[in-house]
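Have a look at the structure below, then the notes.
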There are 2 protein chains.
Amino acid sequence: MDAGARGDSPTGADPKEYVGRIGSIESIRLNYQVMTDEARNETPAQRPTLAAVAALAGVSRSTASLAFSGSGPVAATTREKVMAAAATLGYGGPDPMARSLRRGRSGIVGVVVEDRLRDAFRDPMNIAMLDGLADETGTMGSALLLLTDTAEENAPISTAPMDAVVLVGCSTRLDASVEVLRQRGIPIVAIEAEPMAGVLDVALDNQEASAAGARHLFELGHRDVAVVTLPLGAAHASGPLMPDWEERATAFTAAERLRGVLKVFASIRGWMAPASSTASGYTAGIALLTQPEGRPTAIIAQSDLLALGVIRAAEELGLNVPDDVSVLGFDGIRTDGYGTGELTTLVQPAVEKGRAAGRAIARLLAGEEPPAVQLRSALRIGATTAAPRP
Amino acid sequence: MDAGARGDSPTGADPKEYVGRIGSIESIRLNYQVMTDEARNETPAQRPTLAAVAALAGVSRSTASLAFSGSGPVAATTREKVMAAAATLGYGGPDPMARSLRRGRSGIVGVVVEDRLRDAFRDPMNIAMLDGLADETGTMGSALLLLTDTAEENAPISTAPMDAVVLVGCSTRLDASVEVLRQRGIPIVAIEAEPMAGVLDVALDNQEASAAGARHLFELGHRDVAVVTLPLGAAHASGPLMPDWEERATAFTAAERLRGVLKVFASIRGWMAPASSTASGYTAGIALLTQPEGRPTAIIAQSDLLALGVIRAAEELGLNVPDDVSVLGFDGIRTDGYGTGELTTLVQPAVEKGRAAGRAIARLLAGEEPPAVQLRSALRIGATTAAPRP
DNA sequence: TTGTAAGCGTTATCAG
DNA sequence: CTGATAACGCTTACAA
């Protein structure tokens with residue numbers, strides 16, 4: 001079967017497809033009981049409150065509060081009385097909503113991704129970033145709230161409790177989200193976004209790194225180079241890169257990487273991929289390597305997944321990488337050895353992006369004014385680039 | 001370079017590695033200003049409250065509240081007055097913490113995954129599930145809070161505001177989390193978990209589906225079959241499957257799938273993979289296909305990623321799939337054509353798992369008692385299974 | 001070390 | 001249609 005022609009879903013699941021095909025849901029077992037038995041008693045059996053616990057323990061609400069939060073001196077015996085009372089009442093700790101209202105902190109950090117979650121999480125860099133972010137927010141006792149960039153009136157982004165927000169995915173469309181968040185007075189950290197006033201920037205050297213990669217190819221002797229870009233516009237359109245790309249580009253990262261390449265190769269052929277995936281890379285590779293004008297001696301892909309697809313396309317066309325065509329990636333994912341040698345690529349500190357964002361948030365919430373963060377990528381020369389055939 | 005021998009990280013980023021190698025963080029630009037200028041004025045410049053808006057508009061708090069929530073009749077002119085006042089004050093809508101305290105709902109649904117996020121999100125099935133879940137919770141106006149299964153005292157799982165929780169990843173270790181959540185009185189939905197009292201189950205027919213897959217191989221004539229399992233225990237150990245596996249198994253899904261296979265092939269060779277990845281599958285494949293006792297004629301992998309790794313191992317050993325060895329997967333991911341034909345596998349409705357969980361939560365929060373959900377997988381016969389060589 | 005009192009910002013209920 | 005009043009459950013000065 002031919003490679004990569006089957007679309008981009010990593011889930012393998014267009015849900016409708018399965019609902020039809022599998023017959024899907026059957027409701028058979030019934031091992032769930034809410035405590036509705038209690039709930040339907042004359043006593044409403046509401047969750048017990050701290051007040052109730054205090055009463056049973058024979059202490060004041062404030063003392064009981066201290067016993068739980070530990071933010072004040074409480075006699076050991078008193079604490080035990082409180083805990084005992086809590087246990088008999090089945091009190092599960094202070095109500096987070098009341099506590100957050102009183103304290104003015106929710107312990108929640110929002111993560112805004114564009115589009116659907118599955119698109120965001122398809123990119124290994126985003127996952128790595130999220131992991132780094134979770135690491136840092138975890139140490140400050142906060143959890144991550146997943147938000148999508150919807151413009152709807154009552155979307156969680158405008159109603160959910162949050163102490164701060166991280167913007168991921170670099171589309172200009174996040175403008176609307178920024179507006180809402182600013183209005184709400186929530187501190188914003190953006191990762192790889194076009195700098196905006198009032199938004200703390202965690203930046204990657206996309207342009208410089210791409211230029212360095214292009215220079216590597218130039219120095220190897222390449223003069224006819226093509227580029228496969230990440231989606232440049234919101235439309236996620238696919239096809240040849242047009243000269244007027246810059247006017248319509250909304251994706252900051254992709255645009256920056258392209259500008260970097262253009263600093264080295266002023267005029268260049270290009271193909272816009274609709275997503276960062278091997279399948280899209282394959283399509284782009286076939287297109288670029290079978291052009292009537294003759295094929296380029298090197299292809300710069302804006303992500304490693306795209307690069308892997310390009311390599312597969314080359315192999316399928318009977319071309320040797322790197323002898324017939326060099327391929328350069330971006331990201332530095334583990335390529336798991338897809339039959340090829342290690343990818344020549346620009347390794348970016350993805351986890352560190354998240355960590356930096358998390359640390360920035362911690363400082364922001366502490367009332368500091370942390371500076372913007374600039375991270376750097378490194379060219380890793382692998383086995384997929386070499387001098388062109390003479 | 002040989003395939004798959006490089007570990008499992010899809011992020012390509014052991015952070016420490018990069019911090020050292022790239023030099024990492026530089027703080028250069030400074031385009032962020034909090035409104036600390038205001039904040040340090042004599043006027044505290046706090047967020048305006050609904051009371052302030054009401055005062056400026058010359059109406060009562062309750063009327064202003066109605067104007068925003070729309071949950072009551074308000075004269076058009078009054079509403080406009082309120083909105084105007086809000087605009088001049090820069091009021092960004094009701095405070096979510098106060099609102100949730102008053103309403104008794106946070107609009108937040110927790111998602112508990114085991115271990116680190118990157119492990120959870122490496123599995124395409126989890127991402128698909130999450131997408132389906134987000135779909136449903138989105139329509140009910142809730143957002144997803146990412147939680148990890150930590151036993152720490154003040155972990156978000158025991159302090160974060162949540163209306164309900166979904167348990168993902170099937171380890172028995174989630175017991176502690178369940179205990180906490182039950183104590184807090186938060187409704188729990190578990191996906192593919194061992195049934196527990198008070199936990200609504202969204203189940204997959206892992207055992208039956210695996211048996212069906214095994215039967216397919218049996219009917220093709222296979223008698224010497226090996227299995228590559230997902231991690232069975234918390235240790236994520238790797239190596240030959242021991243006879244006493246069942247006693248130590250904590251991973252419900254993996255155990256169920258194995259039991260299903262054993263219903264057809266009572267005695268079977270096995271290899272336990274440390275993760276669901278092509279790299280782990282490759283390792284397992286090499287091990288099983290180079291055993292001194294001779295190689296099996298078919299290998300059952302408990303996930304598609306494992307299956308792809310096994311196939312790569314076979315190819316590298318000069319074996320043809322399916323003629324020399326048949327390979328069966330589980331999940332039904334898009335395999336993106338890794339040089340092989342379409343995988344024979346058990347297609348599971350991953351997105352639907354999340355949807356079902358979301359719907360169950362909606363009903364739970366509406367005070368209903370929804371029944372458990374049972375989903376089914378389907379055997380998809382591809383090009384990687386065939387009759388063994390005579 | 002413990003208790004008292006005063007909210008945090010909203011919304012629900014009920015009169016007007 | 002609008003307004004007064006009373007919670008929601010908790011924390012934290014401050015006083016004892």
Side-chain angles (χ1 to χ4, degrees), chain A residues 44 46-83 85-86 89-107 154 158-163 184-186, chain B residues 44 46-83 85-86 89-107 154 158-163 184-186:
Chain A
Q46 302 179 357
R47 303 275 106 229
T49 72
L50 228 203
V53 173
L56 181 62
V59 300
S60 73
R61 290 199 300 278
S62 43
T63 307
S65 175
L66 291 186
F68 270 97
S69 69
S71 54
V74 179
T77 50
T78 315
R79 155 177 285 111
E80 273 169 34
K81 267 194 303 189
V82 173
M83 292 312 179
L89 254 44
Y91 180 71
D95 178 329
M97 305 189 250
R99 170 201 281 255
S100 66
L101 172 58
R102 183 57 236 240
R103 302 236 267 217
R105 280 277 159 88
S106 63
N154 279 347
S158 52
T159 62
M162 296 184 288
D163 299 331
R184 291 186 56 184
I186 296 179
Chain B
Q46 302 180 357
R47 302 275 105 229
T49 72
L50 189 54
V53 173
L56 181 63
V59 300
S60 73
R61 289 199 304 277
S62 29
T63 307
S65 174
L66 291 185
F68 270 97
S69 69
S71 54
V74 179
T77 49
T78 315
R79 155 178 286 112
E80 273 168 34
K81 267 194 303 189
V82 173
M83 292 311 180
L89 256 43
Y91 178 72
D95 178 330
M97 304 188 248
R99 173 201 280 256
S100 67
L101 171 59
R102 184 59 240 235
R103 302 236 266 215
R105 280 276 160 88
S106 63
N154 279 348
S158 52
T159 62
M162 295 184 287
D163 298 331
R184 291 186 57 184
I186 296 178

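Because the structure is predicted, anything quoted here is derived from the model rather than measured. Proteins come first, then strands; the chains are lettered A, B, ... in the order of their sequence lines, and each starts at number 1.
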**OP:** Tell me which residues in residues 55-66 of chain B put a heavy atom below 4.0 Å from DNA chain C, sorted by number, or none.
**Re:** B:Arg61, B:Ser62, B:Ser65
Original post:
Just how far, in rounded Å, is P of C:dT11 from CE of B:Met97?
Top reply: 14 Å
Original post:
B:Gly72 or B:Arg102: which one's nearest nucleotide on DNA chain D is closer to the 5' end?
Top reply: B:Gly72
Subject >> A:Glu80 CD to C:dT1 C1', straight-line distance once rounded to whole Å >> reply: 16 Å
Original post:
For the residue pair B:Gly93 and B:Phe68, what are the closest heavy atoms and their distance?
Top reply: CA-CE2, 4.3 Å
Original post:
At their closest point, which heavy atom of A:Gly92 faces which heavy atom of B:Arg184, and how far apart are they?
Top reply: O-CG, 4.1 Å
**OP:** Give the first and the last nucleotide of DNA chain D, reading 5' to 3', that has any atom under 4.0 Å from a heavy atom of chain A.
**Re:** D:dG9 to D:dT12
Original post:
Of the non-hydrogen atoms in A:Asp163 and A:Gly107, which two are nearest, and what is the gap between them?
Top reply: OD2-N, 2.7 Å
Original post:
At their closest point, which heavy atom of A:Leu66 faces which heavy atom of A:Val74, and how far apart are they?
Top reply: CB-CG2, 3.5 Å
Subject >> Min side-chain heavy-atom separation A:Leu50-A:Arg61 under 4.5 Å >> reply: no
Subject >> CE-CZ distance between A:Met97 and B:Arg105, expressed to the nearest 0.5 angstrom >> reply: 8.5 Å
**OP:** Classify the nucleic acid contact of A:Tyr91 as base, sugar-phosphate or nothing, counting any heavy atom under 4.0 Å across all strands shown.
**Re:** sugar-phosphate
Original post:
Do you know the tightest heavy-atom contact between B:Tyr91 and B:Thr49?
Top reply: CE1-C, 3.6 Å
Original post:
How is A:Pro73 classified with respect to the nucleic acid when contacts are heavy atoms under 4.0 Å: base, sugar-phosphate, or nothing?
Top reply: base
Original post:
B:Leu89 has an atom CG; how far is it from atom C1' of C:dG9, in whole Å?
Top reply: 15 Å
Original post:
Can you check the B:Leu50 CG to C:dC8 C1' distance for me, whole Å?
Top reply: 14 Å
Original post:
How many angstroms lie between OG in B:Ser65 and CZ in B:Arg102, if you round to the nearest 0.5 Å?
Top reply: 10.0 Å
Original post:
Any side-chain N or O of A:Thr78 under 4.0 Å from OP1/OP2 of C:dT1?
Top reply: no
Subject >> Shortest non-hydrogen contact between B:Pro161 and A:Ser106, atoms and distance >> reply: CD-O, 4.3 Å
